[in-house]
Amino acid sequence: MFAPVRGQPDFPEIEAGIAAFWRERGVYRKSLELRRGAPRFVFFEGPPTANGMPHPGHCLTRAIKDLYPRYRTMRGEFCERKAGWDTHGLPVEVEVCKEIGIHSKAEIEAYGVEPFIHKCQESVWRYMKEWETLTERIGFWIDLSDAYVTYQQSYVESVWWALATLFDRGLLYQGHKIVWWWAQGGTALSSGEVGQGYKEVADPSVYVAFPLVDAAGRPTNRSLVAWTTTPWTLPSNQFAAVKADLDYVVVRETGSADEAEYILAEPLVATLAEKLKRAFDIVERLPGAALVGRSYLPPFDTFRPAGPPQSAPLAGGGSDTIGWRIVAADFVTTDSGTGIVHVAPAFGEVDYGVLVAEQARFAPGTGPALLNCVAPDGTFTDAFAMGSGRFVKECDRDIARDLRARGLLVHQEQYVHDYPFCWRADADPLIQYPRKSWFIRTSQFRDAMLANNAAITWLPEHIKDGRFGNFLETNVDWALSRERYWGTPLPIWECEATGRMEAIPSYAALLAKPGIAGTDVFTRAKAANPQLSDDLAVHKPYIDAVTYDSPFAGGSRMRRVPEVIDCWFDSGAMPFAQWGWPHSGTAEFEAQFPADFISEAIDQTRGWFYSQLAISTLLFGRTPGSSQPGDAKKPYPHPFRTCIVLGHMLGEDGQKMSKSRRNYKEPKVIFDTYGADALRWYFLAGQPPWTSIRYNERAIRESIPEFLLRLWNVYSFFVIYARIDGFDPAGLTGSVDDRSFAVARGGRAVSDYGELDRWMLSEVHATAIDMVGRLDAFDHFGAAQRLSALVEAVSNWYVRRSRERFWAAGRADVGPEGNRDKLDAYWTLYQTLLTIARLAAPFVPFVSEEIWRNLAVAGGGAGFAESVHLTDYPIGEPDLIDGDLVRRMALVRDVASLGRAARAAEKLKVRQPLAKVEVILADATSPHATGDAAWLESHAELVCDELNVKGFEICREPERYITRTVQADLKKLGPRLGKDLPKARDAIAKADGDALLAALARDGRVTVAWAGGEATLEREDLLVRTSARPGWAAAEGRQAVVVVSTELTPALVAEGLVREVVHAVQSHRKSLDLEFTDRIELVFATESPDLRAAIEAHLDYVAAETLATRVSFGGHDGPIIDVDGHGLGISLQVTHGAGGAAVDAGGRS
RNA sequence: GCGCGCGUAGCUCAGUUGGUUAGAGCGCCACCCUGAUAAGGUGGAGGUCCCACGUUCGAAUCGUGGCGCGCGCACCA
């Protein structure tokens, strides 16, 4: 028996009950066991950073990550879902620093590396708990108990294996490069990290004079003018660059006594003059090439000794000045600045390139050295006394002031541009800085990565060649190492004598090294604190203590290099590291690679999407240039086949979501108020997943009635009456099979059902087929819309048209006292609801389960699975779809809708009965026309009922109400007629439609002529449109024109009046809060003879509709209401002792 | 600067290979129902499809160039 259903569903409460049910009965486990051994659907969980609270955007990701595994499981596939957590890296370290109130690396060292990483691990655990709560609350089924965690020893060792493999193949190298450097944090960052930290800022920019010098090294009156937005790099200046084929000029201020002359690119003179509000005269013109080789004085004497320029021997003979010389460079442009570029090789990649090129010109060891007066912590060294010990960016102003005092500052202004800051500490500007760092040779694999990418299915498609493809095209070597603490330690040990290195692929391999020592450091720590996680043995600082005998130099030791690695490498290694592969989990890895499906937000193009693809391509792809057989271990695509890229979620105001702006509600609030299903449905059915979606409480709330509540109302309607009528699926059949849609039904085949039932089931099956097609193509948005339309059809057509059947007398049973038609209605709605519950299960798992649990398990009996998620997804049965019926029902719904529109146009309310409605089908010549018309005609009663009319007819003389016009079918004729189309179109439009159609019917073809041409047309070249003649209450749609008779006879008017009276009484009953079974006595008072006569003529009707045991006329002292212009008083009294007992559900006559 | 995406009703968004009357939900107005009822239904109003030029018989749809918004990239010295 079905449990009673509350009319006002409390979704959050229902969800809590369902969640408990899942937990107690282990339903997720069962759903896996059910499919064990079946083909796999492989899903990878992109590990959320266990740092910071989950926000609404994460809810979307988790909803989509849940939907497809649930769906594929119901489709019979085996989909393991292993949770994972990203736990290393800067985000965690920065969070911990905030917590203990420190910032710089020195402070961490002072705090102690050991307690610091303990803090990091604790912090990660805290956030993992929060994430687990969210995961369960939103109904994301994933195995949290067996999650992979990037700091676990087995995970770290997998990463070690990957790095050792790359190292042994020469793909992991230490390089001296200009890197983006986070000075406060003391580490380099990867391009991906840098890209996340750009902010628009105004920096001081300065135009500085670099005086040319004479042979003795004395400044002349001529100066180069260079421009920079980083004044702090000026003390490290080494060169000035010009473009050889660009025109330069020497200028002097107009009319000035000052002898000072400036050199800059000619196209930029006007710009500079405007900035300075001074006029210049051109003294001399010369090409850039003529400037190359000249020496100048740098703005600061940090490194340049006084006196003439120093020279050194060139590699190819001769000599040249070592520095502070003008060089030619192609990167010089006239887009901004002066066409003369200040070159400080320590602080720019191109600048560094200039230095490298210069060094190559000189004899080995004699060329320019790298000049750098900035320490790794971002402060000036003593070499630049003015700024010694201060952060470089803070010295910009003092530097400008000093330049001005010495007459070298030509101009100063604010320059607004994007500049990178640390992505985790966004007050810290990054600087470019020369640093030894570890890199992965990804750029060598650019083409391989592109080829791999090409085989991936991206949704939306443009990601492949757009954002992601572009990112791969511009690939640079992965700056891997971090001079930090909480991360996977770089598994490279270096010989202290020779500097030679080797990579270690596992902890066991390390322990097996000869002369191993230092493992006791962790052992002792563990003894002192037994709570200490064993995973920390492979972390700093413990791992740093482990040393062994050098194979390269007898008597010396191998020590680990100090760096840890970029945490993005951790997550990218997840496809194999989650299993600890290759040290363990070979079977799992082989079975679970590559993924069939992953999904994350678009910011992961540079994050997890890239790190996975890069690592996988390098490890399992072919090495470029290599022809070794078996080099390509995995065919493309890997490591994932399909990726849904989600748009970013915006706050209520359309801006980026931000805690400080408070422009979004916490997910918890939404869950507690509306429920997880409401949020899921809003995300899944509201828009395609890749559009940036606005997170908006009002929109979430308003999305509930159209689907969730509507579904619930149908379900509630069904249960209310099924309980009253004792509809018992289990009792009727003994057991019901839920495996196929053909549930037992007391011996009746679907084909024996009535038409409305067959229509409903046709719609159900057509919807299932369509949804399966869409979901297989990862189009859950389209599938959700289709599902929504089905629920609309059930609610607004099937239930509405079937109400009388549910209220009819008799039991829903097959016996002699049973009502067969009623039973059919119950079976149909029952099957429909069960199928909808299954169709909806991946989208709204809680409500679907609630409906299933009551209808199938409680009401249906032993044949049903205990959870909707343990059933098979309905794929629809094509042979149960009656295509004609579907089309015709759509037609009749359209006719009803048009009829109402026609009535509304004449202000004829539906309560007023009308004599007749006539329907003209728009296209009498379509292949279905005859059948459809006959069918419609046989449904006259239905149309009359919907429209409250006495008669219905398909109009045989359409000319009375409508005219037919023919139109060219442009799609057909366009290709054939080309330029003549407009003339043909006009000629056809002008033709007498009826005559033309008659001719066509007679001859099968007709010729239409126009000035200068003609064409022979067939029926399919034309479209027929009908339109109402003026003066008729008609409404036209694409399929039909519906005309209602507006003529009102006295009898019709009387009937209309009576219905108004009934309406008034019902309203009165409602206002008195009567039970719907209460019997009443009615006394009417009216001075209108027409109204009285109308009521008297329909006394029985009035009594039956209002459940009145007696209707009479009499006096009245209460309010008089208006009934279509007639006054009416209503006195109403509940009959004594006549409760609802005598009235059953079939009480209406 | 280069690249990607977007721009359709008051709001949030659909719009399939270019085709004649551009749709939905919400909101608004009017109406209906009153046995799913603090629900439900119907109808209506509301649109220079960002702008311009072009391709085409025909453009919301294709092309070019703008404008606006969002995002990404980075040799912005």
Side-chain angles (χ1 to χ4, degrees), chain A residues 5 7-8 191 194-195 198 226-230 233 241 329-333 335-337 340-344 347-351 353 415 417-420 460 462-463 465-471 474 602-603 605-606 647-648 650 654 656 686-688 690-694 696 698-699 702-703 705-706 709-710 712-721 781 785 788 795-796 799-800 803 806-807 896-897 900-901 903-905 907 909-911 967-974 977-985 989 1023 1025 1035-1036 1038 1063 1066-1067 1069-1070 1076-1077 1143 1145 1147-1148:
Chain A
V5 174
Q8 295 297 309
S191 63
V194 174
Y198 275 89
W227 177 67
T228 180
T229 56
T230 49
T233 63
D330 281 337
F331 58 77
V332 179
T333 67
D335 295 340
S336 56
I340 294 171
V341 174
H342 143 66
V343 178
F347 309 114
E349 217 174 305
V350 238
D351 306 50
Y415 182 69
H417 64 158
D418 290 326
Y419 193 86
H462 61 76
I463 298 287
D465 295 323
R467 189 168 293 206
F468 195 68
N470 288 343
F471 182 68
T474 58
I602 189 159
D603 51 297
T605 42
R606 283 167 316 157
H648 264 142
L650 306 172
K656 213 170 182 168
Q687 54 278 308
W690 41 81
T691 54
S692 62
I693 159 174
R694 196 177 290 194
N696 176 300
R698 192 179 62 96
E702 287 173 352
S703 74
E706 95 186 54
L709 199 54
R710 196 179 260 162
W712 188 268
N713 280 333
V714 175
Y715 160 64
S716 156
F717 174 92
F718 172 83
V719 171
I720 287 170
Y721 292 106
F781 171 62
Q785 295 199 314
S788 192
S795 172
N796 294 333
V799 169
R800 195 153 65 85
R803 275 185 162 123
F806 290 106
W807 298 334
S897 169
R900 278 187 285 265
R903 295 189 68 121
K907 300 223 183 302
K909 49 178 126 175
V910 181
R911 271 198 296 268
Q967 288 185 322
D969 187 338
L970 301 176
K971 223 169 182 170
K972 289 255 163 54
L973 291 176
L977 298 179
K979 278 193 190 300
D980 284 335
L981 192 72
K983 286 175 184 167
R985 182 192 57 205
L1023 299 174
R1025 271 188 64 195
E1036 53 181 311
R1038 288 182 192 278
H1063 178 224
Q1066 302 289 33
S1067 302
R1069 283 185 65 115
K1070 190 171 170 66
F1076 70 77
T1077 48
V1143 183
R1148 188 180 204 168

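Because the structure is a prediction, the values reported are computed rather than measured. Every chain is numbered from 1 and lettered A, B, ... according to where its sequence line falls, protein lines coming before strand lines.
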message: Which nucleotide, if any, forms a Watson-Crick or G-U wobble pair with rU20(B), using both distances under 3.5 Å?
response: none

- request: Look at the side chain of His342(A) and decide which nucleotide, out of rA36(B), rA77(B), rG25(B), has an atom nearest to it.
  value: rA77(B)

query: Which part of the nucleic acid, if any, lies within contact of Asn796(A), taking any heavy atom under 4.0 Å across all strands shown: a base, the sugar-phosphate backbone alone, or nothing?
result: sugar-phosphate

- request: Have a look at Ser703(A) and say if it touches a base, only the backbone sugar-phosphate, or nothing, with a 4.0 Å heavy-atom cut-off.
  value: nothing

- prompt: What nucleic acid atoms does Thr229(A) come within less than 4.0 Å of, heavy atoms only: base, sugar-phosphate, or nothing?
  reply: sugar-phosphate

- request: Please work out if Thr605(A) contacts a base, only the sugar-phosphate, or nothing of the nucleic acid, heavy-atom cut-off 4.0 Å.
  value: nothing

- line: Ser897(A) has its side chain closest, among rA36(B), rG19(B), rU42(B), to rU42(B)

message: Tell me which nucleotide, if any, is Watson-Crick or G-U wobble paired with rU34(B) when both distances must be under 3.5 Å.
response: none

task: May I ask you to say what Arg985(A) touches in the nucleic acid, namely base, sugar-phosphate or nothing, with a heavy-atom cut-off under 4.0 Å?
output: nothing

field: Complementary nucleotide for rC4(B) - Watson-Crick or wobble, under 3.5 Å
entry: rG70(B)

- request: Would you indicate what Ser716(A) reaches in the nucleic acid, counting non-hydrogen atoms under 4.0 angstrom: base, sugar-phosphate, or nothing?
  value: nothing

message: Tell me which nucleotide, if any, is Watson-Crick or G-U wobble paired with rG44(B) when both distances must be under 3.5 Å.
response: rC28(B)

field: Residue matched to rU56(B) through Watson-Crick or wobble contacts both under 3.5 angstrom
entry: none

Asn470(A) side chain near rG3(B) phosphate (N/O to OP1/OP2, under 4.0 Å): no

message: Please confirm whether the shortest side-chain N or O distance from Tyr721(A) to OP1 or OP2 of rG35(B) is below 4.0 Å.
response: no

